[in-house]
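Have a look at the structure below before the remarks.
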Amino acid sequence: MPDYNFAYLDEQTKRMIRRAILKGLAIPGYQVPFASREMPMPYGWGTGGVQVSAACLNPDDTFKVIDQGADDTTNAVSIRKFFENTAQVATTEETARASLIQTRHRIPEAALSEDQILVYQVPIPEPLRFLEPSEVETRKMHSLEEYGLMHVKLYEDISQHGAIATAYAYPVKVEGRYVMDPSPIPKFDNPKLGMAAIQLFGAGREQRIYALPPFTRVVSLDFEDHPFEPSKADHDCDLCGASDSYLDEVIVDDAGGRMFVCSDTDYCRSRRAAGHVGAQGAPYEEGAA
Amino acid sequence: MTPLLQVQDIAKFYGARRGCEDVSFDLYPGEVMGIVGESGSGKSTLLSCLAGYLPPDRGEVIFDTRADGPRDTLSMSEPERRMLMRTDWAFVHQHARDGLRMGVSAGGNVGERLMAVGARHYGDIRDQAVDWLGRVEIAADRVDDKPQAFSGGMQQRLQIARNLVTGPRLVFMDEPTGGLDVSVQARLLDLLRGLVREMGLSAIIVTHDLAVVRLLADRLMVMKDGRVVEDGLTDQVLDDPQHGYTQLLVSSVLQV
């Protein structure tokens, strides 16, 4: 589609976004304001992630998009198609083959390497937002490292539920400095945030970009007597038998029947291809749904 | 003895209009100072200047810090001043909802200051919150209720507990009994007097209610049009007012 510049955005815009990304990488966890553009999709569909991806893509990249871990949901398919059309880059569903992965609400199960970039779609970048509505005040709290309020939220969780009930978008402290919202990933994924790949976070409506360089020290906030615990459903995957992956619960009939399956579809597929079979799984066949 | 707070020649103007001017006084540890005056006399402006919410145009507010002795709070860096505001200082607002987080439970409200200074043990924070709710006469089973579910008097007591939990040395109060009915006022004053004496707090209380200063304050400052027109011991000023305005103020109190 030659009517578009490579990867949809014009070069000046990409340059502006790259500057924000570099600043974000230089100050891990700091929210860098940027002049977010309107994208041909609604806010909440990943406009921030798409802009960051567009600024990072080059013609040699292999691009992968996941939504809640899956490659075949609406959000993932439409964004993948968008870049197939506007950038003509190669796309893949295999985590290991992708050089740039845009994700919504999950980190892939397979460990990422130093030559990969993970781009997150972020709805609300400000971890303090629901406690402190004023942006002026939250910026001041970040600059002065006043993060007591974040623990008030966790305190409220324990007093109401007996345990820290925050299960996603679990706040983290980056390199002992900035408190950051890791986007709505399940807290099961929090321990992976110190990974080898570069992680970039884009919030389109809120006009913020932040980043984690490789091997950043990321600590999930907790109390001494209520330590952080990554949680997942207490099952194995019913298709591939994996016991170490984050699971989706799927209702399969009207009689209360259910199964637990890996939320990371590529991880599940690759395990089944390698011969693993779960409690309700059939042996893997190439091309079968 | 070093004064806890030395106020020197504070002035604040709103454009050409005077907020307050030429205010100087010393406050010693354990002393309660009352500031009275009619609406628009500059008492709230003065309190905001002293408490660091409003930068005055002139003057010094020197506080005897625990670590470094007397220091001018106006020339302190902002992190230092904010640290002071959540440890050694407390501010009780007239409207409890200005000083409370209405969406957070009573225990969370009291615990916030503890967590802000680094408490990270849930059990300890909760124990202290329950202890402080008891001290301000709020039943322990209300610890998980939100302030919305509290009466006006309870909200005000909760605000006081939230402020005193870190053991401050100086409390600023802006009309702490405003908007409460008289029997609730009486109980709140009783409670405040007890806490001030027990903890050896120093306090600056701004009010237009002479009964409040009569009960709580050791010393009194009367303000009119942004200036201090009379000051002295509370009983002395109220029983033998010298300035015409103070005489008017004292004689205006309704007798039942």
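On a predicted model such as this, the values are computed, not experimentally measured, just so you know. Only heavy atoms go into these numbers, but all of them, side chains included; no hydrogens, no water, no symmetry mates. Chain identifiers are assigned alphabetically (A, B, ...) following the order of the sequence lines, protein sequences preceding nucleic acid strands; residue numbering begins at 1 within each chain.
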[atom1] ([X]) with more than 12 external heavy atoms under 6.0 Å:
{"X": "A:E38", "atom1": "CD", "result": "no"}
{"X": "B:Y53", "atom1": "OH", "result": "yes"}
{"X": "B:Y14", "atom1": "OH", "result": "yes"}
{"X": "B:E137", "atom1": "CD", "result": "yes"}
{"X": "B:R187", "atom1": "CZ", "result": "no"}
{"X": "A:D234", "atom1": "CG", "result": "no"}

Sequence neighbours left out, cut at 3.5 Å: what donor-acceptor pairs do the side chains of residues 206-215 of chain A make with other protein atoms?
| from | atom 1 | to | atom 2 | distance (Å) |
| --- | --- | --- | --- | --- |
| A:R208 | NH1 | A:E206 | O | 3.2 |
| A:R208 | NH2 | A:E135 | OE2 | 3.2 |
| A:Y210 | OH | A:D181 | O | 2.6 |

* In terms of heavy-atom proximity below 4.5 Å to chain B, should A:L144 be classed as side chain, backbone, both, or neither? ->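 A:L144 touches chain B through side-chain heavy atoms alone.
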* **A:H151 portion near chain B, given a 4.5 angstrom heavy-atom threshold** =>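 Both backbone and side chain of A:H151 come within 4.5 Å of chain B.
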* Check B:S105 against A:E156 and note the closest heavy-atom contact, atom names and distance. =>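 So the minimum-distance heavy-atom pair works out to OG-OE2, 2.5 Å.
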* Do you know which two heavy atoms are closest between B:G108 and A:V152, and how far apart they sit? ->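 Shortest heavy-atom contact: O-CG1, 4.3 Å.
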* **Part of residues 71-97 of chain B lying next to chain A, heavy-atom separation under 4.5 Å** =>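 Heavy-atom contacts from residues 71-97 of chain B to chain A are B:E78, B:P79, B:R82, B:R86.
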* Looking only at heavy atoms, which of residues 114-125 of chain B get nearer than 4.5 Å to chain A? ->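 Result: B:M115, B:A116, B:R120, B:H121, B:Y122, B:G123, B:I125.
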* **Verdict with supporting geometry, B:E112 and A:L149, side-chain contact (heavy atoms from CB on, under 4.5 Å)** => CA-CA 7 Å; B:E112 181 179 343; A:L149 199 53; 3.6 Å; yes
* Heavy-atom pairs under 4.5 Å with chain A are the metric here; pick the option from B:G111, B:G107, B:G103 that has the most. =>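 Sorted descending by pairs with chain A, the first entry is B:G107.
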* For chain B, find which of A:E224, A:E145, A:H226, A:K153 contributes the most heavy-atom pairs closer than 4.5 angstrom. =>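 Counting heavy-atom pairs under 4.5 Å, the top option is A:E224.
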* If you count heavy-atom pairs under 4.5 Å with chain B, which of A:I158, A:D222, A:L131 comes out on top? ->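 Winner by heavy-atom pair count: A:I158.
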* Asked: Taking only residues two or more places apart in sequence, or in another chain, which ones meet A:R18 in a salt bridge (charged side-chain N to carboxylate O under 4.0 Å, His left out)?
  ->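 A:R18 satisfies salt bridge (charged side-chain N to carboxylate O under 4.0 Å, His left out) with no residue once adjacent residues are dropped.
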* Asked: Is any side-chain heavy atom of A:Y155 less than 4.5 Å from a side-chain heavy atom of B:R126?
  ->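 Counting from C-beta outward, A:Y155 and B:R126 do come under 4.5 Å.
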